[in-house]
Amino acid sequence: MTERRYWLLKSEPSDYSFDDLMSEEDQTAEWDGVRNYAARNFLRDDIKVGDGVLYYHSMSKPNAVVGTAVVVKEGYPDDTAWDPDSDHPDPKSTSDSPIWYMVDIKGEKALKNLVTLQQIKATPGLETCSLVRISRLSVHPITQEEWDIIIGLGSGG
DNA sequence: GCCAACGTTGGC
DNA sequence: GCCAACGTTGGC
């Protein structure tokens, strides 16, 4: 019995925004460029096809969850690591022994209302979520309860 | 294996 | 631009 899990993925909108994702063919993109071991482990080991994704804009005005997506391909080697022309090359990672992993996600829909970091910090049930506690991580596991609260806030209810 | 120095992320 | 938090690196 596989249980659906939920994740929060961070991106700087000036780098790759939720609108950029929704503009892709099939609204699908590789989630590449993660160069942090904790985040890598989630991408490689834990994120499965069908898992729910909250798309969060960092370094933005405002910093906020802006939309939802779904995982359509699970952990596979991030080939941008050994592309010297990519944005995040890492010569230690090779196609024979990859270090970094990525997943593919498909954008679903923009939230009706942004759910800002301020709101998240001020909302009972969210104030201890991973995003608040470990702000530097780019991939966060979230619970179903946290997912439900954020979706509720985001749909204006 | 410890720890200091340094680099990066990201909120403010 | 500053600073806190945390990861990585390298000397010992």
Side-chain angles (χ1 to χ4, degrees), chain A residues 5-24 29-47 51-71 74-105 107-108 110-143 145-156:
Chain A
R5 302 194 201 200
Y6 299 92
W7 307 94
L8 183 145
L9 298 183
K10 276 190 196 178
S11 182
E12 298 183 27
S14 60
D15 184 38
Y16 191 84
S17 72
F18 187 70
D19 284 345
D20 291 333
L21 176 62
M22 296 305 278
S23 302
E24 300 278 358
E30 298 177 341
W31 195 261
D32 62 15
V34 171
R35 299 291 181 262
N36 168 284
Y37 284 103
R40 186 281 309 270
N41 291 343
F42 289 132
L43 292 171
R44 187 188 58 187
D45 303 332
D46 297 324
I47 301 183
D51 285 0
V53 171
L54 293 177
Y55 200 105
Y56 175 85
H57 280 174
S58 65
M59 308 294 279
S60 181
K61 283 194 289 188
N63 299 313
V65 176
V66 297
T68 61
V70 63
V71 176
E74 59 201 43
Y76 63 108
D78 181 349
D79 56 16
T80 68
W82 51 86
D83 175 0
D85 295 327
S86 81
D87 291 335
H88 306 277
D90 181 354
K92 293 195 295 299
S93 185
T94 66
S95 56
D96 284 340
S97 89
I99 297 174
W100 306 113
Y101 283 72
M102 59 185 173
V103 300
D104 288 358
I105 62 171
E108 291 188 319
L111 294 179
K112 200 162 114 193
N113 304 320
L114 302 181
V115 181
T116 65
L117 181 59
Q118 277 191 328
Q119 270 179 287
I120 289 169
K121 285 180 170 174
T123 301
L126 296 181
E127 73 275 54
T128 59
C129 74
S130 173
L131 174 68
V132 173
R133 287 183 293 111
I134 316 173
S135 68
R136 291 176 70 261
L137 196 56
S138 61
V139 178
H140 291 268
I142 60 176
T143 66
E145 288 73 24
E146 291 162 352
W147 170 277
D148 288 343
I149 295 170
I150 291 173
I151 295 295
L153 292 170
S155 33

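Chain A is the first sequence line, chain B the second, and so forth, proteins listed ahead of strands; every chain is numbered from 1. Note: hydrogens, waters and symmetry copies are ignored here, and every other heavy atom, side chains too, is used.
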(message) Applying side-chain hydrogen bond (donor to acceptor under 3.5 Å, both in side chains) as the test, list every pair that has at least one member in residues 51-63 of chain A; sequence neighbours left out.
(response) A/W7-A/D51

(message) Need two values: the first and the last nucleotide of DNA chain B, 5' to 3', having an atom under 4.0 Å from any heavy-atom of chain A.
(response) B/dG7 to B/dC12

(request) Not counting sequence neighbours, which residues clear salt bridge (charged side-chain N to carboxylate O under 4.0 Å, His left out) with A/K92? List them please. (result) A/D90

(request) Without swapping roles, check the side chain of A/R44 against the backbone of A/G75 for a donor-acceptor pair under 3.5 Å. (result) no

(message) For A/I142, give me all partners under side chain to side chain contact (heavy atoms under 4.5 Å, CB included), at least two apart in sequence or on another chain.
(response) A/Y6, A/L8, A/L54, A/E146, A/W147

(request) Sequence neighbours left out, what passes side chain to side chain contact (heavy atoms under 4.5 Å, CB included) with A/I149? Give chain and number order. (result) A/T123, A/L126, A/L153

(request) Just report the end-to-end axis angle for the helix from B/dG1-C/dC12 to B/dC12-C/dG1, five pairs per end, to 10 degrees. (result) 10°

(message) Heavy atoms only, 4.0 Å cut-off, all strands: where does A/K121 land among base, sugar-phosphate and nothing?
(response) sugar-phosphate

(request) Could you tell me which residues satisfy side-chain hydrogen bond (donor to acceptor under 3.5 Å, both in side chains) with A/D20, sequence neighbours excluded, listed by chain and number? (result) A/S17

(request) Report which part of the nucleic acid A/I134 touches: base, sugar-phosphate, or nothing (heavy-atom distance under 4.0 Å, all strands). (result) nothing

(request) Taking side chain to side chain contact (heavy atoms under 4.5 Å, CB included) as the test, write out the residues that go with A/D45, two or more places apart. (result) A/N41

(message) According to salt bridge (charged side-chain N to carboxylate O under 4.0 Å, His left out), who are the partners of A/R136, at least two apart in sequence or on a separate chain?
(response) none

